[in-house]
2 protein chains.
Amino acid sequence: MNIIAEQPRAKPRKGRKYDQVLDGAREVFLLSGFEGASVDDIARAAGVSKATLYSYFPDKRLMFTAMAERECSRQASAALQVIDMTAPPALVLRQTAGRLIRIILSDFSQRIFRVCVAESDRFPELGQAFYDSGPALGRARIADYLRQAKARGEVAIEDFELAADQFAELCKADLWARAVFGIQNRFSDEEIDRVIEGAVTTFLARYGMRD
Amino acid sequence: MNIIAEQPRAKPRKGRKYDQVLDGAREVFLLSGFEGASVDDIARAAGVSKATLYSYFPDKRLMFTAMAERECSRQASAALQVIDMTAPPALVLRQTAGRLIRIILSDFSQRIFRVCVAESDRFPELGQAFYDSGPALGRARIADYLRQAKARGEVAIEDFELAADQFAELCKADLWARAVFGIQNRFSDEEIDRVIEGAVTTFLARYGMRD
DNA sequence: TCGAAACTGAACCAATCGGTTTAAACTGAG
DNA sequence: CTCAGTTTAAACCGATTGGTTCAGTTTCGA
């Protein structure tokens, strides 16, 4: 019906249910882990027959890695949050801390983290993929900003990577542990603000220029 | 043969192979997780028949929780490292950082952490047990020291729990992530010292008294 | 409207799972 | 030695696993 030529659709590979399958795989794998997930469950969750599943993926392992890769790259784009490279550190850090905490406390991040950690020796590439798309990427962004801030004389830093890692770690303080061990899953603004303020203040106490 | 009365031996419960069984359970569970571990594997690893296994534990789940509890309490005693409560912060922090890093980078801690995280929603008590025996216990110890240091006027801290958490987090910077995702498992003294010095310097920049 | 490709549901397979049973062998105190 | 309690190996159970097959239905571009 469309006069304009159909765009070739980036890699439908075989059929039209590819994403549907991966969605089902994500749901079950993130809930039960690799061994705990049964292929029948995945087919049911995907709303697809088992034969269709196996027409897309030769076996369960490849189903898992495909799903993990997709979720890691999604996480990567979520981590690519905009940083105003020209704003002063106190502002940028506070803002970045808030976003970072919101991410690491999210149900999604928790689940994919658990699976990646649990299966990282069954799937050696998996840990690397998560690391690259999450912590490493975030560190690079923060370090970039810190470099520019130093050029403006706003901070005094020698080891930018270490500083960026330290800031990210400061943002986790207790919150992350409580979440990942299932002790707490809702956090009040007060709890979060306490950690944010603590992280920013400590970080600037070390690296900030007294103005 | 012993004239002195036999001490009643704390809870041999049934037989003499209790520890042997738990050792086998640990080996397999920590390697493969709960679902990934087969009872036959555990029996083989324990050097014990499957019937014996089931004479100690009514099912696989209880076998797992018993093993997890034992390992958590072992971890707890490992965390109970001696802190010289009278020494100055720069010294104590450096020393504590070194020990803490050595612990969190150890193969044992990595494995039990993975299992606890992975199975913490299948076994809700598990996450709490790990948290209590590890992070929470360590924080309490550090906070205790910081309180005494403040009494001596060596540090300026209001929120001791937050400060302790921050210090512990600073010690992880990157090292821990690289280890837990299987990217790196041997760390040079230089890598570790860089993080230790960074943690101590940043922490004291915020909380230390200029003397 | 036609036909190939995609999809379905269910039956089916061998293997493995957690767990039980049994009859025989081992252990150690009295 | 005796005897009760432990331990053993192996056979066994029903359920579930990852994976295959196939005859039939749906989908959709030409």
Whole Å only: how far is the CG atom of A:Leu53 from the P atom of C:dT8? 9 Å

Tell me whether the NZ or CZ atom of B:Lys60 lies within the 45° cone about the ring axis of B:Phe34 and under 6.0 Å from its centre. yes

Under 3.5 Å, is there a donor-acceptor pair linking the side chains of A:Thr52 and A:Ser55? no

What integer distance in Å separates A:Lys17:NZ from C:dA5:P? 18 Å

What is the distance, to the nearest angstrom, from the CZ atom on A:Arg44 to the C1' atom on D:dT17? 13 Å

Basic-acidic side-chain contact under 4.0 Å: B:Arg114, A:Glu119: no

Between B:Asp23 and B:Tyr18: side-chain donor-acceptor atoms closer than 3.5 Å: no

How long is the straight-line distance from CD of A:Glu69 back to CZ of A:Phe64, given to the nearest 0.5 Å? 10.5 Å

Ionic contact status for A:Arg44 with A:Asp40, cut-off 4.0 Å: no

Heavy-atom protein contacts under 4.0 Å, nucleotides 13-30 of chain C, coded B base, S sugar-phosphate only, - none: ----SBBBB-----S---

Separation of atom CZ in B:Phe57 from atom P in D:dT7, rounded to whole Å: 12 Å

Does A:Tyr56 place a side-chain N or O at less than 4.0 Å from the phosphate oxygens OP1/OP2 of C:dA6? no

